[in-house]
A.B. asks: 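First the structure, then my questions, so here it is.
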Number of protein chains: 2
Amino acid sequence: MTTRLTLAAPCCALGAPPVSSAEAESIAPMFKALGDPVRLRLVSLIAAQPEACVCDLVAAFPLSGPTISHHLKVLRAAGLVDCERRGTWVYYWVRPEALAQLSALLGRPTSAAESR
Amino acid sequence: MTTRLTLAAPCCALGAPPVSSAEAESIAPMFKALGDPVRLRLVSLIAAQPEACVCDLVAAFPLSGPTISHHLKVLRAAGLVDCERRGTWVYYWVRPEALAQLSALLGRPTSAAESR
DNA sequence: TCCTTGATTAGACAACTGTCTAAACACGAT
DNA sequence: ATCGTGTTTAGACAGTTGTCTAATCAAGGA
């Protein structure tokens with residue numbers, strides 16, 4: 001996928017060079033998916049275990065099943081999670097590469113950090 | 001601010017314990033702010049230097065000044081950047097603590113990473 | 001085969017978002 | 001005091017989002 005992020009060895013992932021327009025278009029949707037409180041907690045809950053059953057996720061929120069299903073679909077479309085049906089239940093797990101990619105983007109000291 | 005994130009020493013920031021509802025409400029807006037391609041590039045451009053002049057930021061996009069100004073306001077409201085007027089020009093810089101907080105949330109191996 | 005239960009899809013609707021133009025505000029210079 | 005330039009605010013508008021209920025699909029058991 002995106003190379004710049006994984007080999008940003010020395011420093012400044014969000015520093016030089018800046019994210020290109022194309023990169024921004026592909027990465028922003030992942031941040032956007034995390035930008036809803038329900039979805040952020042969903043990812044958190046899913047990541048807390050090897051995998052999570054939808055039935056448990058629905059039970060963790062005061063929201064309808066279809067609403068949770070919708071949020072899971074958004075997370076899946078963003079590439080942050082994946083799922084599989086096994087018999088009656090559907091299980092979700094996080095895609096660690098995706099989270100790592102985001103973390104790498106903003107995880108290192110920036111030039112601003114150096115000066116302030 | 002949020003303590004859990006900064007002292008998440010051993011591992012699993014997105015792992016156990018999951019993000020609380022209150023935490024999600026306060027953190028999600030930051031991810032949401034990064035969830036637009038224009039804003040993601042703005043943060044990237046600002047972070048690439050100690051600080052950036054709005055005039056340069058506006059010049060970097062095929063968008064109107066007010067639109068860039070609006071996006072900068074969103075980033076500021078989310079706590080990701082701050083700014084200061086000096087004479088005619090306004091300068092923006094990133095708030096490294098904010099980026100670090102987000103990075104810490106998704107930067108460590110999750111239980112999913114262990115199993116897959 | 002027909003229920004029952006788990007999960008997703010479809011459609012509706014209010015609320016929010018990204019963009020624009022026009023207007024206003026803030027400085028510095030004439 | 002007035003003008004010109006940089007920046008933000010106000011208001012408008014099309015498009016998107018989060019939520020719901022109702023309907024549909026999927027799998028297992030009587």
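We name chains A, B, ... by the order of the sequence lines, and we start the count at 1 in each one.
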A.B. asks: Which nucleotide in the list dC16(C), dT9(C), dT7(D) gets nearest to the side chain of K32(B)?
C.D. replies: dC16(C)

A.B. asks: With a 4.5 Å limit on heavy-atom distance, are the side chains of L75(A) and V94(A) in contact?
C.D. replies: no

A.B. asks: Can you tell whether the side chains of R86(B) and E51(B) come within less than 4.0 Å, N to carboxylate O?
C.D. replies: yes

A.B. asks: Quickly work out the H71(A) NE2 to dT9(C) C1' distance and round it to whole Å.
C.D. replies: 15 Å

A.B. asks: Rounded to the nearest Å, what distance is computed from the CD atom of residue E84(A) to the C1' atom of nucleotide dA26(D)?
C.D. replies: 15 Å

A.B. asks: Let me know the distance between CG of L42(B) and P of dT7(D), rounded to the nearest Å.
C.D. replies: 13 Å

A.B. asks: So, OP1 or OP2 of dT7(D): does either fall under 4.0 Å of a side-chain N or O from Y91(B)?
C.D. replies: no

A.B. asks: So what does R39(B) hit on the nucleic acid, given a heavy-atom distance under 4.0 Å: a base, only sugar-phosphate, or nothing?
C.D. replies: sugar-phosphate

A.B. asks: Should V19(A) and L45(B) count as side-chain neighbours, where that means a heavy-atom distance under 4.5 Å?
C.D. replies: no

A.B. asks: What is the per-nucleotide protein-contact pattern of nucleotides 20-30 of chain C, from the 5' end, where B denotes a base atom under 4.0 Å from a protein heavy atom, S denotes such proximity for sugar-phosphate atoms only, and - denotes neither?
C.D. replies: BBB---SSS--

A.B. asks: Output yes when at least one side-chain N/O atom of K73(A) is less than 4.0 Å from OP1 or OP2 of dT9(C), else no.
C.D. replies: yes

A.B. asks: Is the closest side-chain heavy-atom distance between L102(A) and L106(A) below 4.5 Å?
C.D. replies: no

A.B. asks: Could you tell me the separation between the CZ atom of R41(B) and the P atom of dG18(C), rounded to a whole number of Å?
C.D. replies: 16 Å

A.B. asks: Once rounded to the nearest 0.5 Å, what's the spacing between atom CZ of R41(B) and atom OG of S20(A)?
C.D. replies: 7.0 Å

A.B. asks: For D36(A) and dT17(C), what is the distance between atoms CG and P respectively, to the nearest whole Å?
C.D. replies: 11 Å

A.B. asks: So do R95(A) and L80(A) actually touch side chain to side chain, heavy atoms under 4.5 Å?
C.D. replies: no

A.B. asks: At a heavy-atom distance below 4.0 Å, what parts of residues 54-61 of chain B sit against DNA chain D?
C.D. replies: V54(B), C55(B)

A.B. asks: Tell me, please, whether Y91(B) has R85(B) positioned over its six-membered ring: NZ or CZ under 6.0 Å from the ring centre and within 45 degrees of its axis?
C.D. replies: no

A.B. asks: Any side-chain heavy atom of E84(B) within less than 4.5 Å of one from V90(B)?
C.D. replies: no

A.B. asks: Expressed as a whole number of angstroms, how long is the span from R76(B):CZ to dT9(D):C1'?
C.D. replies: 12 Å

A.B. asks: I68(A) CD1 to dT17(D) P: how many Å, rounded?
C.D. replies: 18 Å

A.B. asks: Taking atom P of dG18(C) as reference, at what distance in whole Å does atom CG of L72(B) sit?
C.D. replies: 13 Å

A.B. asks: Search all heavy atoms of M30(A) against all heavy atoms of A78(A) and return the closest pair with its distance.
C.D. replies: CG-O, 3.5 Å

